[in-house]
Colleague: 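Before I ask anything, let me first share the structure, which is written out below as structure tokens.
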Amino acid sequence: GAMNALVRVSAVLTNAPFILNLDCDHYINNSKAFREAMCFMMDPTLGKKVCYVQFPQRFDGIDQHDRYANNNTVFFDINLKGLDGIQGPVYVGTGCVFRRQALYGYDPNKKEKASSKACNCCPTWCCRGRKKSKKSKSKPKSDKKRRSKKNDSNVPILEDIEEGIEGFDSERTSLMSQKNFEKKFGQSPVFVASTLLENGGVPQNASPASLLKEAIHVISCGYEDKTEWGKEVGWIYGSVTEDILTGFKMHVRGWRSIYCMPGRPAFKGSAPINLTDRLHQVLRWALGSIEILLSRHCPIWYGYGGGLKWLERFAYVNTIVYPLTSLPLVAYCSLPAVCLLTGKFIIPTISSFNSLWFIALFMSIAATGILEMRWSGVGIDEWWRNEQFWVIGGVSSHLFALFQGLLKVLAGIDTSFTVTSKSTDDEEFGELYAFKWTTLLIPPTTLIVINMVGVVAGISDAINNGYQSWGPLFGKLFFAIWVIMHLYPFLKGLMGRQNRTPTIVIVWSILLASIFSLIWIRIDPFLPKQKGPNLEDCGLDCE
């Protein structure tokens, strides 16, 4: 709502054709980035179809090892860079230069086909003379209006709209009446007139006092009532991640976006380095995706017949369905511990044919990751950090967002909006070590505990049963340790400090392992209970 109000005010006062959108915690790090954005916007061949130029987000104040993947390197340097080859990257909410006309809900300028002819005949030279004669006849009328307005400076600017409709050679102005303009943009003649000026600018005869009065009017509380603001015009309402929804509507209309990655970062900001704040940030993003998934603007069924390409649609579907992966992810992180505790193995033996499918799938995933890193220049450490936090966020924030989104959409139970804290203490990275309790910490903690217990139980059982039990145990231990490795940054943030293994983790791990090993050996659940011979069959009288 605030961004839409600023769009209207700026249109009344200055009406620049391009708008820069930044978060309040971002600053300009490269002044030449504007020139690079203008190179795309003002390109003579494709510039008219570009709705926005998106820059990658870069952050200050992140710890050396980027424990919680705040840089989002895989997303900004691989995913968005790949989308630039289709129809452009998604809008990420900041670091973006917009074309004002795209925010107004207009379609991109297309090559005139039927508009250059007065009939449907095939030759292109058939009816052009007729159109020129119409223009020549209507031109003196507009000249008379201009002369009369120059003589009377108190003429309302509302009449400029009629003149703009006659002189503005576009399909949208010829089809929309003044009433439709007001229904779409609101009852402000000055603002409606500004929407027709593709290259920007304000009327020269308008006084600053009248413009200021109109600017106050367009930001009034009830201005957007019964208009298309937030529905088809400006930033779209209905989700806490309005950025994805706004960019999606533009791509559906046929616009394309550009991803610009200058050598020097264009903009920089701050990121939440605390574990709890980071999880709340991911929770808000995932909740917005669920809201879009359950709304009428869902990319699965919205926007067919428009200008959205199929691969771009798949990319948008991926941005809203990823919270659903939290359910199988929780199951996959729990199964290794279940295998260790029950003695059963979910993976087929290496001799079976099914194992070949598993190996092929695993190798294809590994090859895809290697190719992405080689193509984008992302390091293995950054890629691994992203994989770790994908699991951490998947079993916590994404899981909670899924249930909160269902409650909000289906039951009408709204959840509170938490603004992400991005401040740090006086100590360097002091916020990184602060512990803030939240229910989001419960699922990952539970998974760590049951997998550690499963490892201890599996090793204890192998020691108790002899060397023949170690072979099947290695496969089970591999998957359990693999889960623990993914959750290790969470464990370190839960109890420790930077670059130091928490002492409390070591103490509790040894204590837990010792107690559980003794109990497990005492219970001995995996070994079959040995029974003595049937005395009735042997015929011996043991008494």
Side-chain angles (χ1 to χ4, degrees), residues 3-4 7 17-19 21 40-41 43 45-54 79-80 82-93 96-116 168-177 180-181 183-185 195-196 198 227-239 241-259 288-322:
M3 293 299 300
N4 287 336
V7 169
F18 307 107
I19 300 174
N21 168 226
F40 294 109
M41 290 289 194
D43 184 85
T45 56
L46 299 177
K48 295 295 184 179
K49 296 183 178 180
V50 177
C51 55
Y52 60 82
V53 177
Q54 179 67 61
N79 296 351
L80 295 189
L83 288 177
D84 195 41
I86 306 175
Q87 199 175 346
V90 299
Y91 168 46
V92 298
C96 187
V97 178
F98 279 99
R99 183 181 299 275
R100 185 182 289 270
Q101 294 291 309
L103 286 171
Y104 291 157
Y106 290 137
D107 295 336
N109 292 332
K110 300 178 181 179
K111 294 182 180 180
E112 294 185 359
K113 295 181 180 179
S115 60
S116 62
F168 199 80
D169 188 14
S170 66
E171 186 178 356
R172 60 174 179 264
T173 53
S174 62
L175 296 178
M176 293 181 63
S177 65
N180 292 334
F181 270 108
K183 183 178 180 181
K184 182 175 183 178
F185 298 112
T195 62
L196 302 177
E198 187 175 357
T227 66
E228 294 186 5
W229 282 99
K231 302 174 184 176
E232 299 294 334
V233 181
W235 273 261
I236 308 302
Y237 305 149
S239 172
T241 54
E242 74 288 340
D243 46 3
I244 296 178
L245 203 52
T246 302
F248 173 65
K249 296 278 284 188
M250 292 181 182
H251 283 134
V252 167
R253 296 188 187 101
W255 293 94
R256 77 146 296 150
S257 55
I258 298 294
Y259 197 52
S289 297
I290 293 296
E291 290 173 345
I292 298 175
L293 176 64
L294 301 177
S295 70
R296 73 180 187 92
H297 291 116
C298 177
I300 300 176
W301 53 72
Y302 181 83
Y304 288 96
L308 187 65
K309 296 182 179 180
W310 278 100
L311 290 179
E312 191 77 10
R313 182 180 297 276
F314 291 154
Y316 273 106
V317 171
N318 181 61
T319 59
I320 65 169
V321 301
Y322 72 90

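We count residues from 1, following the sequence as given. In this text the structure is predicted, and so the values were computed from the model without any measurement.
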Colleague: Which heavy-atom pair separates I244 from Y316 by the least distance, and what is that distance?
Modeller: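 That closest heavy-atom pairing would be O-CE2, 3.8 Å.
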
Colleague: Does the side-chain contact (heavy atoms from CB on, under 4.5 Å) test come out yes or no for V97 and F40, once each step is laid out?
Modeller: CA-CA 10 Å; V97 178; F40 294 109; over 6 Å; no

Colleague: Tell me whether T227 contacts the main-chain N or O of F185 through its side chain, where contact means a donor paired with an acceptor under 3.5 Å.
Modeller: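 Not a single qualifying donor-acceptor pair exists.
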
Colleague: Using atom types as modelled and distance alone, determine if a side-chain donor or acceptor of Q87 lies under 3.5 Å from a backbone N or O of G307.
Modeller: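 Yes.
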
Colleague: If we ignore hydrogens and angles and just use 3.5 Å, is the side chain of N21 paired with the main-chain N or O of C96 as donor and acceptor?
Modeller: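 No, because the side chain of N21 does not come within donor-acceptor range (under 3.5 Å) of the backbone of C96.
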
Colleague: Is it the case that the side chain of Q54 and the backbone of P89 share a donor-acceptor pair, with hydrogens and angles ignored and the cut-off at 3.5 Å?
Modeller: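 Between the backbone of P89 and the side chain of Q54 there is no qualifying donor-acceptor contact (under 3.5 Å).
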
Colleague: With rounding to the nearest 0.5 Å, note down the distance linking OG1 in T246 to CG in N4.
Modeller: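 Answer for the OG1-CG pair, T246 versus N4, is 8.0 Å.
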
Colleague: Within the distance-only criterion (no hydrogens, no angle test), does the side chain of D84 pair as donor or acceptor with the backbone N or O of Y259 below 3.5 angstrom?
Modeller: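 Here the side-chain-to-backbone pair exists.
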
Colleague: Can you find a pair of side-chain heavy atoms, one from F248 and one from I292, that are under 4.5 Å apart?
Modeller: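 Answer no - side chains too far apart.
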
Colleague: Of all heavy-atom pairs between A315 and L83, which one has the smallest distance, and what is that distance?
Modeller: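 Scanning both residues completely, I find the closest heavy atoms to be CB-CD2, 3.3 Å.
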
Colleague: Any chance you could measure Y106, atom OH, to R253, atom CZ, to the nearest 0.5 Å?
Modeller: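 Answer for the OH-CZ pair, Y106 versus R253, is 11.0 Å.
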
Colleague: Under the 3.5 angstrom rule, does the side chain of R296 hit a backbone N or O of W301 as a donor-acceptor pair?
Modeller: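 No, R296 side chain to W301 backbone: no donor-acceptor pair under 3.5 Å.
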
Colleague: How far apart are the closest heavy atoms of K249 and Y302, and which atoms are they?
Modeller: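 Looks like NZ-OH, 2.6 Å.
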
Colleague: Restricting to non-hydrogen atoms, name the atom on G288 and the atom on S239 that form the minimum distance, rounded to 0.1 Å.
Modeller: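 That would be O-OG, 3.1 Å.
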
Colleague: Between W255 and F98, does the ring-ring contact (aromatic ring centres under 6.0 Å, His included) criterion hold? Intermediate values first, please.
Modeller: CA-CA 12 Å; W255 293 94; F98 279 99; over 10 Å; no

Colleague: Do Y237 and L245 come close enough that some side-chain heavy atom pair is under 4.5 Å?
Modeller: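 No; the side chains remain at least 4.5 Å from each other.
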
Colleague: For the residue pair L80 and V92, establish whether any side-chain heavy-atom pair is separated by less than 4.5 Å.
Modeller: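 They are in contact (side-chain heavy atoms under 4.5 Å apart), so the answer is yes.
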
Colleague: Quick one: salt bridge (Lys or Arg N to Asp or Glu O under 4.0 Å) partners of R100, sequence neighbours excluded?
Modeller: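 Applying salt bridge (Lys or Arg N to Asp or Glu O under 4.0 Å) to R100 gives none.
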
Colleague: Which pair of non-hydrogen atoms, one from R256 and one from H251, has the smallest distance, and what is that distance?
Modeller: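 Heavy atoms only, the tightest pair is CA-CD2, 4.1 Å.
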
Colleague: Can a donor-acceptor pair be found, under 3.5 Å and without considering hydrogens, that links the side chain of R313 to the backbone of L308?
Modeller: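 The answer is no, because no donor-acceptor pair under 3.5 Å joins these two groups.
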
Colleague: Quick one: are V50 and D43 in side-chain contact, heavy atoms under 4.5 Å?
Modeller: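 A side-chain contact is absent here, since even the closest heavy-atom pair is not under 4.5 Å.
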
Colleague: With side-chain contact (heavy atoms from CB on, under 4.5 Å) as the criterion, how do W235 and D243 come out once you've worked through the C-alpha distance, each side chain's angles and the decisive distance to 0.1 Å?
Modeller: CA-CA 7 Å; W235 273 261; D243 46 3; 5.8 Å; no

Colleague: May I ask you to test the M41-R99 pair for a side-chain heavy-atom distance under 4.5 Å?
Modeller: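 SC-SC contact between M41 and R99 confirmed.
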
Colleague: Whether the side chain of Y52 engages the backbone of Y91 through a donor-acceptor N/O pair (distance < 3.5 Å, no angle test) should be reported.
Modeller: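 A pair under 3.5 Å: yes.
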
Colleague: Between I300 and V317, is any pair of side-chain heavy atoms under 4.5 Å apart?
Modeller: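 Yes; the side chains approach each other to less than 4.5 Å.
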
Colleague: Distance check, rounded to the nearest 0.5 Å: N318 atom CG versus S289 atom OG?
Modeller: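 The OG atom of S289 is 9.5 Å from CG of N318, to the nearest 0.5 Å.
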
Colleague: Between Q101 and T195, is there a donor-acceptor pair closer than 3.5 Å when you use the side chain of the first and the backbone of the second?
Modeller: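 Looks like yes, one N/O pair under 3.5 Å.
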
Colleague: Less than 4.5 Å apart, side chain to side chain, heavy atoms only: is that true for E291 and I320?
Modeller: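 They are not in side-chain contact.
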
